[in-house]
Amino acid sequence: MDPQIFLRVSISSLGLRIPVTSSKAERAKIHSSSSSCSCEIRLRGFPVQTASVPLISSPEALPDPQCIATSFYLEESDLKAMLAPGCFQAIHAFLEITVFMGRQGSHCGVSSRKLLIGTFKLQVGPEWGEGKSLLLHNGWTSIGKRQQEGGKPEAELHLRVKLDPDPRYVFQFEDETALSPQIVQLQGPIKQPIFSCKFSRDKRTSQLDPTRKYWLNSTGGDDPESDRKGWRVMIHDLSGSAVAAAFMTTPFVPSTGCDRVARSNPGAWLILRPDACGPDSWHPWGRLEAWRERGSRDSVCCRLHLLSEGQEGGILVSEILISTDKGGEFLIDMDRQTPSGTPVPSPRSSGDFTAVGPMVWGFVMKCKVQGEGKSSKPVVQLAMRHVTCVEDAAIFMALAAAVDLSMEACRPFRRKGLKGRTSTRNSL
């Protein structure tokens with residue numbers, strides 16, 4: 001399998017320092033608001049990111065170098081667009097970090113505004129495309145108006161900007177998950193078959209089926225409106241061998257007094273991988289829960305726990321909202337703090353994140369799915385460093401299938417028939 005080129009630009013070790021040359025009034029003003037210092041991080045073509053900026057009071061102290069504020073992931077086309085001058089934009093693209101004190105808003109009827117402290121700029125250059133790890137900046141830099149006027153700086157910003165190659169494998173389901181599609185790897189215009197996906201609603205299983213114990217446990221209670229229990233997905237390699245699976249272990253049923261799968265009673269999938277102990281042995285890898293969130297725009301929440309022996313309940317690594325209207329992306333990215341605030345250990349093998357070892361960093365997996373009533377052909381990106389063999393990638397294909405099918409399983413129960421993906425799936 002050949003990966004596609006991606007770059008990771010990480011911004012870490014943020015800290016703000018007020019030099020002794022600043023007036024006492026200025027230092028006191030900023031120190032008194034240290035809990036509300038923040039920054040906006042911009043890179044052309046990407047949404048603006050925000051992060052908090054700790055105040056460093058001691059001249060000898062340095063911010064935590066392991067604390068990642070945010071990361072940007074660039075495809076080859078993104079970098080080309082940044083380096084090519086356009087008609088309606090600046091010749092050069094910059095990584096721009098603007099630091100503020102306070103928050104804009106109102107409290108008890110009194111409006112407040114953010115105070116601009118200063119801006120750091122780093123130009124995007126041709127060296128970004130050399131495919132090497134580069135430390136673009138590390139240390140203190142002066143920001144603020146007085147620097148531009150040739151006077152003494154009002155404040156100093158500490159940051160570490162690192163560029164790393166982060167190649168990914170990209171896969172796509174060639175049809176809707178419920179239609180048992182082939183899964184191909186994308187490399188430019190080339191599509192290479194890698195897996196096949198077998199979806200089933202049939203609860204009858206062979207006595208010889210090695211996954212039978214999980215399958216039988218997946219059948220839930222009665223659901224008078226729709227059959228949203230006992231679904232399963234098997235991922236096979238090109239030889240026809242089963243290399244990963246996803247089973248509904250908790251049925252998707254409406255919660256009491258409402259027409260939807262609610263947070264209080266989510267549906268759930270068990271993700272399985274073959275165990276090295278034997279050809280007919282399977283090992284639980286993860287548990288995906290899903291439910292429907294109500295709001296101005298409805299969404300489906302997908303929450304993933306990675307399972308390991310000796311860990312009750314598993315490790316929470318992702319909790320993502322996906323729009324039921326527009327669809328969205330399910331993401332595992334360790335640069336973002338996990339919902340539980342617990343660091344995630346490094347994998348023994350690419351698919352196993354639960355072994356003891358160094359902390360996992362950066363992007364792991366992304367799966368793009370469509371909203372309700374739309375034909376969904378999930379696209380999956382996997383970080384190459386987490387995939388040591390084809391079977392490792394299969395685990396994430398099973399997870400992606402479960403995420404996609406959860407969009408269907410979480411639709412309101414009062415809707416009898418939906419066009420597009422729903423009608424085709426119900427015809428199975």
Side-chain angles (χ1 to χ4, degrees), residues 173 175-181 195-236 242-256 258-274 280-292 300-305 307 314 330 369 372 376 378 394-395 397-418 421-428:
F173 290 66
D175 209 333
E176 299 179 24
T177 309
L179 298 179
S180 300
F195 304 109
S196 61
C197 169
K198 177 63 176 177
F199 171 75
S200 177
R201 300 173 189 262
D202 189 355
K203 303 174 187 62
R204 294 170 296 178
T205 59
S206 166
Q207 294 289 336
L208 300 178
D209 187 346
T211 64
R212 188 170 183 270
K213 66 176 181 177
Y214 300 107
W215 183 227
L216 291 179
N217 289 337
S218 69
T219 57
D222 293 332
D223 176 3
E225 286 195 59
S226 179
D227 182 15
R228 304 186 201 176
K229 56 182 181 289
W231 297 1
R232 70 169 172 176
V233 174
M234 300 293 294
I235 305 297
H236 298 85
V243 286
F247 297 84
M248 276 189 182
T249 55
T250 304
F252 285 70
V253 296
S255 293
T256 304
C258 66
D259 63 351
R260 69 185 188 280
V261 181
R263 175 187 285 267
S264 59
N265 186 30
W269 299 79
L270 186 65
I271 314 298
L272 302 175
R273 61 177 176 85
D280 293 333
S281 256
W282 288 77
H283 180 74
W285 176 84
R287 176 181 171 85
L288 178 74
E289 296 176 316
W291 63 89
R292 191 180 184 94
V300 170
C301 185
C302 293
R303 180 169 61 194
L304 176 66
H305 286 83
L307 306 177
F330 177 80
V369 299
E372 289 179 355
S376 185
I395 301 169
M397 298 305 106
L399 172 60
V403 170
D404 184 49
L405 289 167
S406 293
M407 300 296 292
E408 167 79 0
C410 287
R411 75 185 191 276
F413 283 78
R414 65 177 178 270
R415 301 182 185 180
K416 297 294 183 180
L418 293 175
R421 60 189 269 177
T422 303
S423 59
T424 56
R425 289 175 178 176
N426 286 341
S427 65
L428 297 180

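Quick caveat, the model's predicted, so the values are computed rather than measured. Residue numbers run from 1 in the order of the sequence given.
Closest heavy-atom contact between Ala398 and Ala246: O-CB, 3.8 Å. Nearest heavy-atom pair, Val243 versus His236, reported as atom, atom and distance to 0.1 Å: CG2-C, 4.1 Å. Closest approach of Ala244 to Pro274, counting heavy atoms only: N-CD, 4.3 Å. For the residue pair Cys258 and Pro254, the shortest heavy atom distance occurs at O-CB, 3.6 Å. Taking all atoms of both residues into account, the shortest heavy-atom contact from Phe252 to Cys410 is CE2-SG, 3.7 Å. Of all heavy-atom pairs between Trp231 and Ala409, the closest is CZ3-CB, 4.1 Å.
Taking the ring axis of Phe413 as reference, the NZ or CZ atom of Arg228 stays within 45° of it and closer than 6.0 Å to the ring centre.
A donor-acceptor distance shorter than 3.5 angstrom exists from the side chain of Ser180 to the backbone of Phe199, with no hydrogens or angles considered. A donor-acceptor contact shorter than 3.5 Å is absent between the side chain of Arg263 and the backbone of Cys301.
In this structure, CG in Leu405 is found 10.0 Å from CD in Glu176, a value given to the nearest 0.5 Å. For the atom pair CD of Glu289 and CZ of Arg303, the computed distance is 4.5 Å after rounding to the nearest 0.5 Å.
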For Val369 and Phe330, run side-chain contact (heavy atoms from CB on, under 4.5 Å): C-alpha distance rounded to whole Å, both residues' side-chain angles, the deciding distance at 0.1 Å, then the answer. CA-CA 8 Å; Val369 299; Phe330 177 80; over 6 Å; no
When you look at Leu272 and Arg232, which way does the side-chain contact (heavy atoms from CB on, under 4.5 Å) test go after all the steps? CA-CA 11 Å; Leu272 302 175; Arg232 70 169 172 176; over 6 Å; no
One pair to check against side-chain contact (heavy atoms from CB on, under 4.5 Å): Ser376 and Thr177. What are the steps and the verdict? CA-CA 8 Å; Ser376 185; Thr177 309; 6.0 Å; no
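Annotation: side chain of Ser406 is in contact with side chain of Leu288 (closest heavy-atom distance under 4.5 Å). Between Arg292 and Ser255 the shortest side-chain heavy-atom distance does not fall below 4.5 Å.
Considering Thr249, Ile271, Leu307 as possible partners of Pro284, the one that fulfils the side-chain contact (heavy atoms from CB on, under 4.5 Å) test is Leu307.
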